[in-house]
Amino acid sequence: MKVRVRFAPSPTGFLHIGGARTALFNWLFAKHAGGTFILRIEDTDAARNTEAAVNVIVEGLRWLGVDWDEGPSTSRSDGPSVGEAGPYFQSQRSEIYRSRVEELKSKGFAYDRDGAVRFRMPRDPITVHDLVVGDVRRELTDREAQDPDFVIVRSDGQPVFHLVNVIDDLEMGITHVIRGEDHLSNTPKHIALFEALGATPPAYAHIPLILNQDGSKMGKRDQGASLITYMEGGFLPEAVANYICLLGWSPKDNREIFSLPEIAAKFELTQILRHNARFDFTKLRWLNWEFIRSMDQQRFVKLGAEIMQKAGFDLTKSPENYISAALLTCKEKVQQLVELPALAGFFFTEDLDLAPAIQSNDLTSGVKERLMSLKSNLETIDSFAADHIQSVLKRLASESGSKMSVFVHPLRVACTGAASGPSLYHLVEILGKSRVLRRLDRAIAACP
RNA sequence: GACCCUAUCGUCUAGCGGUUAGGACACCGCCCUUUCACGGCGGGUGCACGGGUUCGAGUCCCGUUAGGGUCGCCA
């Protein structure tokens, strides 16, 4: 039987990082098995479901690189879709639910009470054969023991999650349900529903949850809980995808960096860990840095330029090759692309306050003289190439019997207003003679 | 309250009865160096606790503790 899996989020205007991982694991499993990955929107709660909220999910998944073989093509619930098992929005499937509820009622598995329809839950414990967790036999809780039956259609006529989720999985031919472990305790209800509907339940795989760094559960409001944090925080989707795969799953070969296809090739449900994992922002940043430094230069420049513009730097006045060369000096220095404005901003503005850095005690007395000497010497060279600039500094240092750094630091500060940054000689070359000389003048003027 | 899941360095993990308990991030030294980095070399840190089973337990069983989840006319 061909594998069919789905990711079935509720559009809340928010895509949780854990949800993103669930989607990814489903996708990975489908790819590995040559199966079908389906996106289904569980928008039964009409009040809070909007097209915009669906869009957050659609855009988030696309950004991550998780595409679906079947499901909506747009965020509109009545819009076009791909696949034969639609509609893929629950809000469009009311008829199906209605007839299935009738079926349950006529078979004696469901009944009305207080205007709501309730499912007659079996009294004996049900065992879930979970691919990740193993066999789980669930006894009734004390509350359930008093009344094991549960509502499947509210008194306002709206079917509830447990019901629609099962009906859709059944109708859509889902073979494996891969979802968060928070659903493990609900699974006996789902199995009972499948059986009442005369169907064999799918295989289940409950994956561990993602916790905060301190071990508490990662709720909606916690730092980094939303995928948007990463989309807007200068993370590369492949780094985020790689990182979240490493939470609860291991390639077991001591490697850390993988492409999605590589992971798909190795991915097995049975090797998913059973315990929750804490989210380590620092390691994600490291991984992101690894992907940034090895990424395509053009893509880096494109993404970097967008972030510079967003930060308020006007790049439209600079030639393309200048922008590209400037940003590239920082390619191996940032862990998140959003660090770029602070690091490369000096390339794109003359509005630099040089005084604080020039007057700081990092630069000892005699700065002014050295700056003046730098200026007069740099003025005279024809080619403003990095190696020429370096040899000027080298000569200056040896003539004055001092270390390179007593010239290096003042020059850097004069050019960038900062004590650290990209490779000095390259930055000076890219800035160009006139800019550098002008900044040297300003730096000299700023000396105490 | 009841039920379910889980437990290896600070974090993510390898381990699936016999290992000097391995790797990565982070951290600490040293080297390199034009800053910050990169890179190189070196270092510390771990099997939650208590009982069993076994010649032998991080590995199997039970309990305790801790963390997480579920028990809704939310999804």
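Small disclaimer: the values here were computed from a predicted structure and weren't measured. A, B, ... follow the sequence lines: proteins, then strands. Residue 1 opens every chain.
- Taken to the nearest 0.5 Å, the CG atom of A:D182 stands 9.0 Å off from the NZ atom of A:K217.
- In the interface, the side chain of A:T282 is not paired with the base of B:C25 through any donor and acceptor atom under 3.5 Å apart.
- Note: A:K331 NZ to A:M295 CE = 7.0 Å, rounded to the nearest 0.5 Å.
- When the side-chain nitrogen and oxygen atoms of A:H183 are compared with OP1 and OP2 of B:A75, none of them lie within a distance under 4.0 Å.
- Using a 4.0 Å cut-off, some side-chain N or O of A:K252 falls inside it from OP1 or OP2 of B:A14.
- Across the strands present, B:C74 finds no partner; the criterion is a Watson-Crick or G-U wobble pair with both atom distances under 3.5 angstrom.
- Taking a cutoff of 4.0 Å between a charged side-chain nitrogen and a carboxylate oxygen, A:R118 and A:D147 qualify as a salt bridge.
- B:A24 is paired with B:U11 under the criterion used here, namely a Watson-Crick or G-U wobble arrangement in which both key atom distances are under 3.5 Å.
- Residues A:L246 and A:Y425 each lie close to RNA chain B; by heavy-atom proximity, the contact nearer the 5' end of the strand is made by A:L246.
- Distances from the side chain of A:K217 to the nucleotides B:G68, B:A75, B:U13 place B:G68 closest.
- Across all strands, A:N186 comes closer than 4.0 Å to base atoms (heavy-atom distances).
- For B:G42 and B:C47, the C1' atoms lie 25 Å apart once the distance is rounded to whole Å.
- Salt bridge absent: A:K252 and A:E268 never bring a charged side-chain N and a carboxylate O closer than 4.0 Å.
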